[in-house]
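A quick write-up on the structure given underneath.
Throughout, protein chains are lettered first and strands after them, A, B, ... in sequence-line order, and every chain is numbered starting at 1. Because only heavy atoms are used, hydrogens play no part in the values below, and waters and symmetry mates are left out as well, while side chains stay in.
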Amino acid sequence: MEGRLNNMWRLTVNESKFVESALQSELRVDGRGLYDYRKLTIKFGKEYGSSQVQLGQTHVMAFVTAQLVQPYKDRPSEGSFSIFTEFSPMADPSFEPGHPGESAVELGRIIDRALRESRAVDTESLCVLAGKLVWSVRIDLHILDNGGNLVDAANVAALAALMTFRRPDCTVGGDNSQDVIIHPPEEREPLPLIIHHLPIAFTFGFFNKGSILVMDPTYVEEAVMCGRMTVTVNANGDICAIQKPGEEGVNQSVILHCLRLASSRASATTKIIRDAVGFRNPERFPF
Amino acid sequence: MEIDREDGRTPNQLRPLACSRNILHRPHGSASWSQGDTKVLAAVYGPKAGTKKNENAEKACFEVIWKPKSGQIGKVEKEYEMILKRTIQSICVLTVNPNTTTSVIIQVVHDDGSLLPCAINAACAALVDAGIPMKHLAVAICCCLAENGYLVLDPNKLEEKKMTAFAYLVFPNTTLSVLPEGSSVAEGEPVEHGIITSVTHGVMSVDDYFLCVENGRAATASLSAFFRKNFQQSSSNAGYGNLEGWVYYTFHGHEAPFIRSIDTNGNIRAWLFCCGTSKLGDSSLMQITEKKGTVKRFYTGQDGLIKFWHMDSVDLLSTTDAEGGLQDFPRLRFDKEGNLLAVSTRDGFKILANSTGSKLLQ
């Protein structure tokens with residue numbers, strides 16, 4: 001529908017010039033420093049595994065559900081988890097309903113890689129009957145308001161939801177240990193997932209051919225910037241994933257500077273997430 | 001014989017309602033509506049140019065997108081979209097913005113029964129927040145029938161599962177301006193009768209259905225009161241900026257428009273001024289403080305002059321007689337930005353303009 005494209009929000013030349021020239025004097029449009037993050041608030045819904053994260057003007061909701069399925073042939077004793085990203089048309093007038101666009105897929109892949117490859121979520125504990133039944137955890141991310149830097153906000157929402165999620169307890173019984181009984185929450189307390197560490201994503205924006213670096217860009221800055229990079233680190237100092245999808249080439253020293261900035265902030269953000277979860281579930285396992 | 005509900009409500013009692021508007025920044029209007037644990041988020045993107053292929057280009061068109069909590073969009077969601085679209089079409093004024101599309105996006109946050117009525121109420125609140133022209137609001141409610149024949153309003157998820165039949169009903173929230181002939185004056189304001197939308201599931205007898213409609217309508221009075229209180233409260237705490245639009249109030253017998261004026265120095269002061277002519281005939285300018293809502297100052301003038309005061313002081317700044325011809329009790333009206341002032345004269349009206357305003361007139 002051409003009508004919809006005509007109504008996309010477009011940045012004016014004045015606005016982009018203003019943003020760029022302000023950055024040359026190390027000023028950002030909303031008054032933050034170059035490496036300052038916006039306020040992060042984490043709220044939880046009534047049921048297990050639902051979180052709502054607000055990073056400045058960006059709003060993301062995450063829901064975690066689990067289901068018993070057959071495992072993959074090559075991993076018979078491991079559970080699985082999958083991430084579904086919904087760029088709701090609520091968030092931005094240019095988001096189309098229907099199948100996700102490339103930025104939605106990219107966001108899902110960044111978060112998926114960080115959780116899966118770094119083994120943050122323990123998948124072996126999700127096995128019920130090896131080769132027959134395992135738990136498949138599904139994370140649904142809904143982007144409600146696009147104020148910029150969706151990756152970081154969605155990442156925190158996914159982590160917060162995973163930490164507060166409980167799956168039903170099930171026992172294996174029967175004659176030949178093949179019957180699985182799923183206990184409803186009224187009978188037996190549901191179990192939390194085992195999470196080894198929290199990989200936190202930090203997004204950087206590059207301006208002026210890579211010489212100016214900015215953390216946590218707003219949607220106005222995202223429309224102006226010439227390159228971006230997302231670094232996922234955890235509080236132990238491990239780099240879980242780096243994503244730099246083409247665009248402007250950047251000097252190596254800048255990349256290392258980004259990594260240093262990200263690792264220095266990781267422990268602070270981890271603490272915010274843990275405090276929010278601990279406030280909600282006081283019996284959460286301490287790590 | 002009372003039916004026992006699990007959460008201790010009476011059969012006709014609604015769950016606690018909560019509504020907050022303007023919660024998202026990108027959409028033009030947004031609202032979150034919760035009835036008990038059922039929570040729905042609605043966002044509205046205002047009129048965009050163009051309509052879809054099969055739509056009537058002479059009227060405004062609405063597009064509804066329903067996003068479930070998880071999973072794909074299926075037939076159920078498509079049906080909800082269609083019902084919501086038709087309901088919104090009947091309450092909005094379609095002729096004001098022809099050949100435009102307004103998008104309403106619904107996101108289910110939590111479903112604990114009575115989901116569609118909750119979504120309809122949320123969509124109404126979001127449309128109000130976006131400023132889409134509407135004839136009146138719609139209040140939606142769910143009534144269901146238990147096995148033993150009892151009628152229950154606003155069920156939660158467990159109750160819905162046990163019911164034999166239920167009906168979603170949407171009523172208009174409007175008062176009648178003209179009473180139909182022969183009707184007796186009922187207590188309170190006469191409310192328009194009629195059903196905008198009705199969706200039923202399951203089997204129920206005709207009498208039961210009429211009972212549902214009756215009970216539902218009786219309960220919508222409390223919903224309407226909630227809507228009214230919620231919207232009135234927030235309109236007085238609206239953001240600080242330019243002159244807001246026109247809100248008509250009747251205040252102490254003065255029927256006059258309120259001008260909400262804000263100090264342009266950016267000081268956080270928002271006073272409500274009411275200027276106009278009372279029924280007794282004296283013109284006055286009243287200033288009402290935001291918090292207490294009482295009259296702070298009261299200026300009268302009826303000598304054929306237009307008077308100007310500074311917002312902070314009681315003393316007169318200046319007067320002008322607009323080159324004569326002013327009535328004894330002139331009617332005044334500012335334009336939206338405060339650059340033009342129209343005043344009634346004996347033969348018509350005159351327009352005064354400041355420097356910006358005179359550019360507008362040219």
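In this structure, B:S30 OG and A:L144 CG are separated by 10.0 Å, a value rounded to the nearest 0.5 Å. Taken to the nearest 0.5 Å, the NZ atom of B:K67 stands 11.5 Å off from the CE atom of A:M61. Summarising the geometry, atom OG belonging to B:S70 is positioned 6.5 Å from atom NE2 belonging to A:H142; distances are rounded to the nearest 0.5 Å. To the nearest 0.5 Å, the span separating CD1 on B:I73 from CD on A:E86 amounts to 7.0 Å.
Residue A:F84: no heavy atom, backbone or side chain, is found under 4.5 Å from chain B.
Around the NZ atom of B:K69, the shell of radius 6.0 Å holds more than 12 heavy atoms that belong to other residues, nucleotides or ligands. Few gaps surround CD on A:E187; more than 12 heavy atoms of other groups in view lie less than 6.0 Å from it. Atom CD of A:E15 has more than 12 heavy atoms from other residues, nucleotides or ligands within 6.0 Å.
For the residue pair A:K46 and B:D37, the shortest heavy atom distance occurs at CD-OD1, 3.2 Å. Residues A:D145 and B:P27 share a closest heavy-atom pair of OD1-CD, 3.8 Å. Nearest heavy-atom pair, A:M90 versus B:A43, reported as atom, atom and distance to 0.1 Å: CG-CB, 3.1 Å.
Within residues 109-116 of chain B, the residues having any heavy atom under 4.5 Å from a heavy atom of chain A are, by residue number, B:V109, B:H110.
Contacts of B:W66 classified as ring-ring contact (aromatic ring centres under 6.0 Å, His included), with partners at least two apart in sequence or in another chain: B:Y80.
Top candidate by heavy-atom pairs under 4.5 Å with chain A, chosen from B:V104, B:L41, B:V44, B:I23, is B:L41. Interface check for chain B: of the options A:A91, A:G45, A:S50, the most heavy-atom pairs under 4.5 Å are formed by A:A91.
The cationic atom of B:R26 (NZ for Lys, CZ for Arg) does not lie both less than 6.0 Å from the six-membered ring centre of A:F95 and within 45° of the ring axis.
Within the 4.5 Å cutoff, the side chain of A:H59 has heavy atoms near those of the B:L24 side chain.
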